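Here's the structure we're looking at; comments come further down.
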Amino acid sequence: STPKFVGLQNYIDMAKDPIIWEVTKNTILYTVITVPVGMCISLLLAVMLDQKIAFRRFYRAAFFLPSITSMVVVAIVWQWIYNPDYGLLNYFLSLFGIKGPKWLLDANTSLISLAIVGIWKRAGYDMIIFLSGLQGISNSYYEASMLDGANKWQIFWKITMPYVLFICGPSLIQSIIANINNFNVIYLLTSSNATANMAFANSNAKETDLLITWLFTLTNDNSNYKMASVIGIISFAICALLTLLSYTRMISGDKEEVYQ
């Protein structure tokens, strides 16, 4: 058939679709959970492993390892951990007389369970970025502060933390982009599960669907290419804007200005 120009009609149809709003809510909630918590954990690990402690190279490698591990392997391990019948997590809870939930099958726990996996997988990567930033702080700042009588807590808040906030901007934006597009974690951990969410029972959507996974479903299962294209364009525009902000931040920053 001859293509017909419909203007913004596809975008209007998407705005009227309740499923899109539910999936968008899932995406925002997933990102709000994974990004702040993950960044805080990564910063804590970086500060700890920047100290002169025994086996710190081993710890750095151990914490970084999940970020370079195949997502298929990660999915298999975490499906075993979350298994409601013989999983490691529920077994641990049973030692204290607690009956664990069906983590990936329960609508109340599925999204937070996936967020935990996302945090675990990316924390080591962000840790390396923070660690490289911490090691870039000149020792002269620390030496001057100690000569002025500053204690460790004051040194951290007055010297280390300002520079961490300086490098946090690009890392934060990169983390948001990565989590918005975290297709592998969601798909591999939930595609084989009989999801307990009933809100989308007639639409094939799931409690754990993000925009990126719903795009995949629309394309491959529903053959709804026009709606999938709209989601793809909007997702690309958001990521492009965030990338531009990150690039602008990196080329305009000057770490010497942090302490002025």
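We number each residue from 1, following the sequence as shown. Please read all numbers here as calculations on a predicted model, not as lab measurements.
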Worksheet item: More than 12 foreign heavy atoms under 6.0 Å from OH of Y125: is that the case here?
Response: no
Response to the item:
Between L242 and I173 the two heavy atoms that sit nearest each other are O-CG2, 2.9 Å
Worksheet, complete the sentence: Output for pair (Y82 OH, L104 CG), nearest 0.5 Å, gives 6.5 Å
Response to the item:
d(I112 CD1, I119 CD1) to nearest 0.5 Å is 6.5 Å
Item to complete: Flag yes if more than 12 heavy atoms outside Y142 fall under 6.0 Å of its OH atom; otherwise flag no.
Response: yes
Discussion item. Donor-acceptor check, side chain of T213 to backbone of L210, threshold 3.5 angstrom: yes or no?
Written reply: yes
Worksheet item: Above 12 or not: heavy atoms from other molecules or residues under 6.0 Å from NZ of K121?
Response: yes
Discussion item. Just to verify, what does Y225 make a side-chain hydrogen bond (donor to acceptor under 3.5 Å, both in side chains) with, not counting sequence neighbours?
Written reply: none
Worksheet item: Does the side chain to side chain contact (heavy atoms under 4.5 Å, CB included) test come out yes or no for I231 and S235, once each step is laid out?
Response: CA-CA 6 Å; I231 295 175; S235 298; 4.0 Å; yes
Worksheet item: When rounded to the nearest 0.5 angstrom, what is the spacing between CG in L134 and CD1 in I129?
Response: 12.0 Å
Worksheet item: Between CZ of R122 and OG of S175, what distance do you get to the nearest 0.5 Å?
Response: 4.5 Å
Worksheet item: Is the OH atom of Y91 crowded by more than 12 outside heavy atoms at less than 6.0 Å?
Response: no
Discussion item. Rounded at 0.5 Å granularity, tell me how far CD in Q174 sits from SG in C239.
Written reply: 12.0 Å
Worksheet item: Heavy-atom count around L65 CG within 6.0 Å, excluding the residue itself: above 12?
Response: yes
